[in-house]
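In what follows, every heavy atom counts, from backbone to side chain, and hydrogens, waters and symmetry copies are set aside. Just so we're on the same page: letters track the sequence lines, and every chain starts at 1.
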There are 2 protein chains.
Amino acid sequence: MKLMKNGSITSPQGYTVGIATCGLKVSAQPDLMLLHSIRDCTAAALFTRNQVVGAPITLNRETLASNNKTVRAVAINSGIANVCTGALGLQNARSMQSMTATALHCQPDQVLVLSTGLIGVQLPMEQLSAGIGTAATKPQSNGGPEAARAIMTTDTLPKHLAIRIYTPRGKVTIGAIVKGSGMIHPNMATMLALITTDANIPATNLQSLLKPAVDASFNRISIDGDTSTSDAVLLLANGTSGISCARGESRQSFEQALNYLVTQLAKQVVQDGEGVSKLVAIRVSGARKRVDAHRVANTIATSPLVKTMLAGSDPNWGRVMAAAGRAGVHFDPLHTKLWIGTDQRKYLQLVEHGAACDYNEPDAVRILSSTDFEIHLDLGCGQQETTVWTGDLTREYVSINTDYRT
Amino acid sequence: MKLMKNGSITSPQGYTVGIATCGLKVSAQPDLMLLHSIRDCTAAALFTRNQVVGAPITLNRETLASNNKTVRAVAINSGIANVCTGALGLQNARSMQSMTATALHCQPDQVLVLSTGLIGVQLPMEQLSAGIGTAATKPQSNGGPEAARAIMTTDTLPKHLAIRIYTPRGKVTIGAIVKGSGMIHPNMATMLALITTDANIPATNLQSLLKPAVDASFNRISIDGDTSTSDAVLLLANGTSGISCARGESRQSFEQALNYLVTQLAKQVVQDGEGVSKLVAIRVSGARKRVDAHRVANTIATSPLVKTMLAGSDPNWGRVMAAAGRAGVHFDPLHTKLWIGTDQRKYLQLVEHGAACDYNEPDAVRILSSTDFEIHLDLGCGQQETTVWTGDLTREYVSINTDYRT
């Protein structure tokens with residue numbers, strides 16, 4: 001397994017990307033990407049669980065229910081989310097799909113479409129149409145990193161990665177681009193991830209690989225607790241490598257690589273979260289049930305008081321305890337322990353039996369001042385545990401979201 | 001029913017207050033108040049539902065379970081919460097109770113104690129003891145407003161109020177002081193409320209009056225979604241007026257006045273919330289069940305993206321829709337409607353059938369720029385509704401909570 005420098009969705013064989021600037025963003029930066037595969041792909045997908053979903057999500061669900069999970073292209077625009085746009089919004093999503101199909105010479109139901117950005121605004125279809133035309137005529141076999149840039153909204157950095165695995169019958173590559181910066185919260189939340197591979201994997205196997213990988217990565221991160229209307233993770237496999245990863249050892253290798261890839265990208269999403277200056281793992285152990293551990297970890301990870309404490313590098317650990325206590329999970333505070341640390345071998349214990357240990361305050365401040373550390377709470381009532389990732393809540397987060405539109 | 005200017009817990013007959021500065025706050029402001037009644041009071045109380053509670057909460061629960069709900073005095077300190085302080089913390093809370101009893105010549109089980117402030121720090125008992133001595137020797141019959149100041153932590157304004165009601169047999173007064181500025185969220189959250197009355201009401205009736213009043217006020221407000229370990233609402237009735245408000249019309253008048261009092265104070269708490277610049281009512285109607293309406297309203301009220309939108313006076317209403325959609329309540333977005341307004345008679349409709357109306361943007365900005373307005377979302381699937389109150393999320397909130405301790 002090898003991480004590929006500057007890897008992305010065009011690292012696997014047989015994919016090209018075209019980019020265009022339709023003028024959907026105030027910044028006048030590229031805002032459209034078309035991914036095209038030279039062969040039919042099998043597809044797996046996961047979408048937001050929000051009740052309010054964008055027209056593209058509705059359309060993709062419909063498309064994937066009828067196209068036998070066969071996909072040839074993906075079109076993604078940033079700047080406008082096409083959410084809360086009624087019947088016209090759905091019609092526009094369909095037009096985006098059919099225009100892309102026409103431009104890339106495939107069937108509409110072989111095209112998936114995604115949109116991210118402002119809610120409640122209609123897509124300017126003429127501009128989008130022109131952009132699709134431009135992007136389709138300039139396919140680039142190394143355009144993935146540019147595509148990662150074209151799908152950004154408030155992201156400050158493009159996020160892309162690829163991994164190569166070596167099987168007895170040859171090499172297989174998995175590549176991905178991801179965007180998402182605010183509204184990041186289980187489940188997925190203003191997060192778009194497009195993953196490609198040249199492995200040969202039937203659609204059903206592909207879905208069974210994607211689901212647990214996303215559950216252990218994108219569904220364990222939180223920027224602000226807000227879940228978006230447009231979240232989507234797509235995984236396409238075009239089989240161009242000629243190597244099957246549907247079962248056996250090659251499937252295991254693929255699974256491992258995919259899990260690693262999405263976990264790395266999930267952490268990158270948190271690190272590039274709006275106003276986030278540090279990546280903090282919240283580990284909760286000693287829970288009776290797994291779901292209890294999750295609930296406590298998520299409550300800590302989304303607590304504004306914990307997140308501002310992280311911003312201030314202030315070992316005001318009572319806020320962690322208070323957040324845990326309101327998670328709706330029963331535990332005895334007198335059995336709790338709390339540690340913080342950057343290096344698992346020498347964690348600093350702050351709490352024993354629910355009360356302060358005699359720790360050295362500057363040591364605690366030093367740990368909380370680093371850009372990547374763990375907070376570990378043991379509830380002392382069971383064997384289950386989980387880890388989620390969060391970031392700090394800074395003045396910058398508020399500035400970004402106060403001024404986002406106006 | 002008459003609102004009393006500068007009213008407080010000493011407005012009802014037969015209560016005095018003593019104040020002291022023990023040095024528990026960095027600001028060196030008064031940090032201790034003792035409320036003393038000239039007669040035994042009946043008492044009603046509601047405490048935080050957090051699993052992690054302060055030693056005073058544990059002690060009060062114990063006291064109220066054994067003292068036949070008879071109370072003579074209340075001691076409250078600010079600066080240190082006495083939470084996550086283990087066995088020593090509970091011992092200190094007991095000492096605070098018995099020292100107050102000695103100083104005021106009553107039994108320990110006639111004293112309730114509350115603490116608010118930092119978690120994980122022990123109370124400096126010598127300083128506290130000296131303060132209790134000082135406060136007990138200077139009882140003031142008009143000390144209520146000063147008491148409101150002594151219980152403040154990050155509050156910027158003391159919050160106190162009194163109401164007088166006129167019954168056929170004479171007048172009855174209800175007074176209150178409240179603190180709470182961060183961590184304000186159902187249920188109650190770093191909020192202490194002490195309410196006194198000179199009405200004559202048995203303890204059981206008193207509790208049945210307090211519970212619904214708090215449910216409709218303090219349990220409907222949110223600053224940051226964090227729930228504290230120390231929340232408490234206490235209601236004492238010393239009967240000094242000689243007028244019973246246990247049943248009939250006088251009970252109805254009392255109930256109405258109490259509800260009004262706590263609702264006003266709840267709104268004051270939001271308005272004085274950390275960094276809050278505006279008070280926003282979130283009304284959700286058209287829900288199938290009351291609990292659904294609550295869940296949607298609370299999710300909107302605590303969404304960082306909604307709250308930063310409020311700070312920016314930006315009619316980016318998609319964030320309201322997105323928050324509603326992730327509340328875990330099923331509804332059809334195509335049946336939703338959304339209005340905003342300061343005056344119920346001429347609300348501005350932003351959304352119809354889940355999509356944007358043709359409204360005038362400057363009108364929307366004008367409404368969102370005011371300091372007191374309502375956001376009304378109709379889910380279009382039932383008859384139930386609720387209203388909660390929230391504030392905006394500003395850079396100042398982050399500054400206050402980033403720098404709280406260090």
- Checking V329(B) against chain A: side chain, backbone, both or neither under 4.5 Å from a heavy atom? backbone

- R326(B) vs Q51(A) side-chain heavy atoms within contact, under 4.5 Å: no

- Mind checking side chain to side chain contact (heavy atoms under 4.5 Å, CB included) for A287(B) and listing every partner two or more places apart, or none if nothing turns up? D292(B), A293(B), L379(B), Q384(B)

- Query: So which part of M309(B) gets closer than 4.5 Å to some heavy atom of chain A, the side chain, the backbone, both or neither?
  - Reply: backbone

- Message: Among G354(B), A324(B), A81(B), A356(B), which residue has the highest count of heavy-atom pairs closer than 4.5 Å to chain A?
- Response: G354(B)

- Message: For H376(B), give me all partners under ring pair (Phe, Tyr, Trp, His ring centres under 6.0 Å), at least two apart in sequence or on another chain.
- Response: W339(B)

- Which residue out of C84(A), P333(A), A355(A) racks up the most heavy-atom pairs below 4.5 Å with chain B? C84(A)

- Note on the structure: When every non-hydrogen atom of L393(B) is compared with those of V398(A), the smallest separation belongs to O-CG1, 3.4 Å

- For I119(A) and A322(B), which heavy atoms make the closest approach, and how far apart are they? CD1-CB, 4.2 Å

